[in-house]
Amino acid sequence: MEEEVAKPAGIPILRVSSGNIRSDALNPNHRFASMPLHILNKDGRPGMTRRQCTGEYKIKPIKQKVRELLGHPYPSRIPKGVFVEQWVGISTDEFHRAKDADVKYMRNRHPLLDMSWSRADCIRYLTSLGLADTPKSSCLGCPFHGNAQWRHIRDTSPSEWADVVEFDAAIRQGNARANASGNRLLGEAFLHRSRVPLDQAPIDHVTAAERAALHIGADEADVLENGVEDGCSPWACRGDADALTRDDFGLAT
């Protein structure tokens, strides 16, 4: 879809990659950037591993490409005053995630904030262009998915659902590189925040955000689930503001 829209407008699409996080997580011989897996410790207490995946698999390759476009690939120095202007699609619902770039050769702009557009405004605009089905940006097996997004994968893409269920089972003891080096996980790791196997997790439980959708509209209710959205762009990872509630586990009274 992006090709169909961008090409007529003369906008090139560049894709960058830093590898396959799933393959890397299961390869004992490969360095692995930690995913924010939900941990059930041996004493029954919940925990979470560090989140390094956004920086390693998204931000790092983008910076490498930007340097290449500027004509100063690493490790060459970038002259003072040489920079790219990067537009980041953060809406007013997530204004707190709008930050300056951490390098001088990139300068962030937030056009949706400049126009005071919310996620609902974006959806209305996309709908007017016939692009209402534009998905959020997120990784297939992201541990920050909410129940609605897990259900969407299960109900619309059986092959992808089988893939994430298999991956969830494969990472139960944590990443393979750490285990091979003797730093074994003291507990069990899961993709779903309930900390049970994904194919047994209570993803059919309707959260407060989904119930609210009956009154305010699904597009706005998305933002209410844990206070953040299910999506995860390089510059606005859901994990930056993740908060857990009893309702997410299907334990609401």
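For this chain, numbers begin at 1 and follow the sequence in order. These numbers were taken from a predicted model, which means no experiment stands behind them.
- Looking at Arg107 and Gln86, their side chains never come closer than 4.5 Å, going by heavy atoms from C-beta outward.
- Atoms CD and CG, from Glu166 and Asp199 in turn, are 11.5 Å apart once rounded to the nearest 0.5 Å.
- Atom CZ of Arg184 is separated from atom CG of Asn175 by 11.0 Å, given to the nearest 0.5 angstrom.
- Note on Leu186: it does not cluster hydrophobically with Leu37, by side-chain heavy-atom contacts below 4.5 Å among ILVMFWY residues.
- Looking at heavy atoms from C-beta onward, Tyr105 lies in side-chain contact with Lys63 at the 4.5 angstrom threshold.
- Closest of all the heavy-atom pairs between Pro202 and His192 is CD-CE1, 3.9 Å.
- Enclosure of atom CG in Asp204 by more than 12 non-hydrogen atoms of other residues, nucleotides or ligands within 6.0 angstrom is indicated.
- Heavy-atom contacts from other residues, nucleotides or ligands closer than 6.0 Å to CG of Asp155 number more than 12.
- Note on Val66 and Val103: same hydrophobic cluster, where clusters join Ile, Leu, Val, Met, Phe, Trp and Tyr whose side-chain heavy atoms are under 4.5 Å apart, directly or indirectly.
- The two residues Ser194 and Ala201 have their closest heavy-atom pair at OG-CB, 3.7 Å.
- Using modelled atom types, no side-chain atom of Ser157 and backbone atom of Ile153 make a donor-acceptor pair closer than 3.5 Å.
- Under a cut-off of 6.0 angstrom, the local environment of NE2 in His72 is crowded, with over 12 non-hydrogen atoms contributed by other residues, nucleotides or ligands.
- A cation-pi contact, defined as under 6.0 Å to the ring centre and within 45° of the axis, is absent between Arg195 and Phe190.
- Under a 3.5 Å cut-off, the side chain of Ser118 and the backbone N or O of Asp93 do not form any donor-acceptor pair.
- Going from atom CE of Met35 over to atom NE2 of His38 covers 9.5 Å, rounded to the nearest 0.5 Å.
- Side-chain contact between Val84 and Leu69: absent, with no pair of heavy atoms (C-beta onward) separated by less than 4.5 Å.
- A side-chain donor-acceptor contact under 3.5 Å links Gln149 and Ser138.
- Contact of the Glu188 side chain with the Pro197 side chain is not registered, since no non-hydrogen atoms from C-beta on lie closer than 4.5 Å.
- Looking at heavy atoms from C-beta onward, Trp117 lies in side-chain contact with Cys122 at the 4.5 angstrom threshold.
- With hydrogens and angles disregarded, no donor-acceptor distance shorter than 3.5 Å links the side chain of Asp163 to the backbone of Glu160.
- Between Asn27 and Asn29, the shortest heavy-atom contact is OD1-N, 2.9 Å.
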key: CA sep, side-chain torsions, deciding dist, call: Met48, Ile39, side chain to side chain contact (heavy atoms under 4.5 Å, CB included)   = CA-CA 5 Å; Met48 180 169 273; Ile39 304 301; 5.5 Å; no
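- Side-chain atoms of Asp168 come within 3.5 Å of backbone N or O of Leu198 as a donor-acceptor pair.
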request  = Take Asp121 and Arg124 through the side chain to side chain contact (heavy atoms under 4.5 Å, CB included) test and state the conclusion after the steps.
outcome  = CA-CA 5 Å; Asp121 292 322; Arg124 280 192 287 269; 2.6 Å; yes
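- Contact check on Arg51 versus Glu56 returns no salt bridge, with no Lys/Arg side-chain nitrogen under 4.0 Å from an Asp/Glu carboxylate oxygen.
- At least one side-chain heavy atom of Arg67 sits under 4.5 Å from a side-chain heavy atom of Ile78.
- From Ile59, atom CD1 reaches atom CD of Gln64 across 12.5 Å, with rounding to the nearest 0.5 Å.
- In this structure, Arg109 places its CZ atom where more than 12 heavy-atom neighbours from other residues, nucleotides or ligands lie under 6.0 Å away.
- Asn41 places no side-chain N or O within donor-acceptor distance of the main-chain N or O of Gly187, the cut-off being under 3.5 Å.
- If you check the side chains of Tyr57 and Asn20, you find no donor sitting under 3.5 Å from an acceptor.
- Trp87 and Ile62 are members of different hydrophobic clusters when ILVMFWY side chains are connected at heavy-atom separations under 4.5 Å.
- Here the side chains of Ile90 and Leu112 are not in contact, with every heavy-atom distance at 4.5 Å or above.
- Linking ILVMFWY side-chain heavy atoms closer than 4.5 Å, directly or via other members, places Met106 and Leu70 in a single hydrophobic cluster.
- Summarising the geometry of Ile21 relative to Cys53, their closest heavy-atom pair is CD1-CB, 3.5 Å, with the distance given to 0.1 Å.
- Proximity of Asn108 to Asp100: side-chain heavy atoms (C-beta onward) are nowhere separated by under 4.5 Å.
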inquiry  = Show, in sequence, the C-alpha distance, side-chain angles and deciding distance for Leu185 and Gln173, and conclude whether the side chain to side chain contact (heavy atoms under 4.5 Å, CB included) test is met.
reply    = CA-CA 6 Å; Leu185 181 68; Gln173 302 308 316; 5.6 Å; no
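- Aromatic ring orientation, Trp150 versus Trp161: perpendicular (interplanar angle above 60°, classes split at 30° and 60°).
- The two atoms that bring Val164 and Leu191 nearest to each other are O-CD1, 3.7 Å, heavy atoms only.
- A distance of 14.0 Å separates CZ of Arg177 from OG of Ser34, quoted to the nearest 0.5 Å.
- A single hydrophobic cluster is not seen to contain both Leu113 and Leu126; linkage of ILVMFWY side chains at heavy-atom distances under 4.5 Å, directly or through other members, places them apart.
- Remark: Arg154 CZ to Asn147 CG distance equals 9.5 Å, nearest 0.5 Å.
- Here the closest heavy-atom approach between residue Leu26 and residue Ile171 is recorded as CD2-CG2, 4.0 Å.
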